[in-house]
Protein chains: 2
Amino acid sequence: MYRIGELAQLCEVKTDTLRFYEKHGLLSPSSRTDSGYRIYTENDAERLRFILRAKAVGFTLAEITELLSIELDKSNWACADVKGLVDDKLANVEAKIAELNHFQLSLQRLSQACCGGPESAEHCSILEALESSTDNIRCENHSHTHDDVQFTKNCQNKAVSKNSKEK
Amino acid sequence: MYRIGELAQLCEVKTDTLRFYEKHGLLSPSSRTDSGYRIYTENDAERLRFILRAKAVGFTLAEITELLSIELDKSNWACADVKGLVDDKLANVEAKIAELNHFQLSLQRLSQACCGGPESAEHCSILEALESSTDNIRCENHSHTHDDVQFTKNCQNKAVSKNSKEK
DNA sequence: CTTGACCTTGGATACAACTCCAAGGTTTAT
DNA sequence: ATAAACCTTGGAGTTGTATCCAAGGTCAAG
Ligand SMILES: [Zn+2]
Ligand SMILES: [Zn+2]
Ligand SMILES: [Zn+2]
Ligand SMILES: [Zn+2]
């Protein structure tokens, strides 16, 4: 049994957030004291943890509400319904992962094309990529001195072609 | 030279969005007609494309503002600065992916524990998991008839232990 | 000269998900 | 018995990213 502040501290959220969740039907305390203080059970805490995990990975509160609301009305749902909902969310998550993977790839390509060195960004390949097409990223080729291995470690093509020591 | 509607159509955004970007300092038309119409140059169009590309790889407008300020003033920035922004964003995206993968796993476990059949969800293992700990998911065991292979295909443990035909 | 498509502005609205505030009631420790 | 720390409510404010609206100005065609 927790009071609102205890549960908040336990789960590292603000009391306001718990009241907000209550107002929006995600999590209500199992009871109240005579004086009106909210009393949360361990069960409530578990439910909160689920909400927080779902939230942490990008589920909206609306989606979480949908997922949790079935519980109110179990007998009017079939396993197929419940599983369907979960599978919808799963597809949702997988779509988000795919989208982020796309971002990741784009960012990795941008990152890898830039030497990350201390010289002027005038020829920075990241900026050049953003200036033109992102599909067409070239390893940058500074006009200034740029042979130092320290600054070409991320720039394989250039490192190989310019200071061909290895070969 | 484009009027706002032309540029909007060209880049597939709304005129409101262009005015919004202007208000927030991301993109201002190079000039105005005598009557006050915004006039965008090809240069402005390029800048807009820069913004849209950066958005497409996951940067927020605030981050794009930062990128644009570097763009305008390249020579006072180093590759390291630019790459730093990209790498921060990359770390950010990767953290989000990791979280999503975690939740994907949870959802997959939920999904797999449920038979997905047409009978009441009263004993649905998904709901049971939501009610208590999600770490402790058991394959559901309906009290009603549930031997049909059709409804147990996703429920390996039960399928094996209950109707032990295979073995 | 009228019509319709386009443009202007400032301000309103939307949505998510909080976050803070004011004014007051309750508990607990000393 | 009083202060500190907690709790209550309703409502307002915040951030990001737009999107919409009203009232009116501009422009080209017929
Ligand atoms: Zn460089
Ligand atoms: Zn660079
Ligand atoms: Zn079932
Ligand atoms: Zn089930």
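What's counted below: heavy atoms across the whole structure, side chains too, no hydrogens, waters or symmetry copies. Lettering of chains follows the sequences in order, A, B, ..., and the numbering in each one begins at 1. Predicted model only: the values in this text are computed from it and were never measured.
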Query raised in the report: Can you check the Y37(B) OH to dC27(D) P distance for me, whole Å?
Result: 6 Å

Query raised in the report: What integer distance in Å separates Q9(B):CD from dC7(C):C1'?
Result: 15 Å

Requested in this report: Send over the distance from Y40(A) OH to dC6(D) C1', rounded to a whole Å.
Outcome: 14 Å

Report summary line: For E128(A) and E122(A), the nearest pair of non-hydrogen atoms, with its separation, is OE2-O, 4.2 Å

Query raised in the report: Reckon T60(B) touches a base, only the sugar-phosphate, or nothing at all at heavy-atom distances under 4.0 Å?
Result: sugar-phosphate

Query - R3(B), nearest nucleotide to its side chain (from dT8(D), dA17(C), dC7(C)) - result: dC7(C)

Query - Interatomic distance where CD1 belongs to I4(B) and P belongs to dT19(D) [whole Å] - result: 13 Å

Query raised in the report: Just by distance, do the side chain of K74(B) and the backbone of A121(A) share a donor-acceptor pair under 3.5 Å?
Result: no

Query raised in the report: Got a sec? Which of residues 15-30 of chain A come in under 4.0 Å of DNA chain C, heavy atoms?
Result: D16(A), T17(A), F20(A), Y21(A)

Query raised in the report: For residues 6-44 of chain A, which residue pairs qualify under ring-ring contact (aromatic ring centres under 6.0 Å, His included), counting only residues two or more places apart or in two chains?
Result: F20(A)-H24(A)

**Report entry** Shortest non-hydrogen contact between K89(B) and T60(B), atoms and distance
**Finding:** NZ-CG2, 4.2 Å

Query raised in the report: Rounded to the nearest Å, what distance is computed from the CZ atom of residue R32(B) to the C1' atom of nucleotide dC7(C)?
Result: 10 Å

Query - Atom-to-atom span, CD1 of I64(A) to P of dA16(C) - whole angstrom - result: 12 Å

Query raised in the report: If you check the R38(A) side chain, which of dT9(D), dC7(C), dA18(D) turns out closest?
Result: dT9(D)

Requested in this report: Write down the distance between CG (L10(A)) and C1' (dC6(D)), rounded to a whole number of angstrom.
Outcome: 17 Å

Query raised in the report: Is R47(B) salt-bridged to E71(B), cutoff N-O under 4.0 Å?
Result: no

Query raised in the report: Which heavy atom in L18(A) sits nearest to a heavy atom in A8(A), and how many Å separate them?
Result: CD1-N, 3.8 Å

Report summary line: Whole-Å distance, K14(A) NZ to dT19(C) P, equals 6 Å

Query raised in the report: Looking at dA18(D), dC18(C), dT26(C), which one has an atom nearest to any side-chain atom of S35(A)?
Result: dT26(C)

Requested in this report: Answer yes when E46(B) and R49(B) have at least one side-chain N-carboxylate O distance shorter than 4.0 Å, and no when they do not.
Outcome: yes

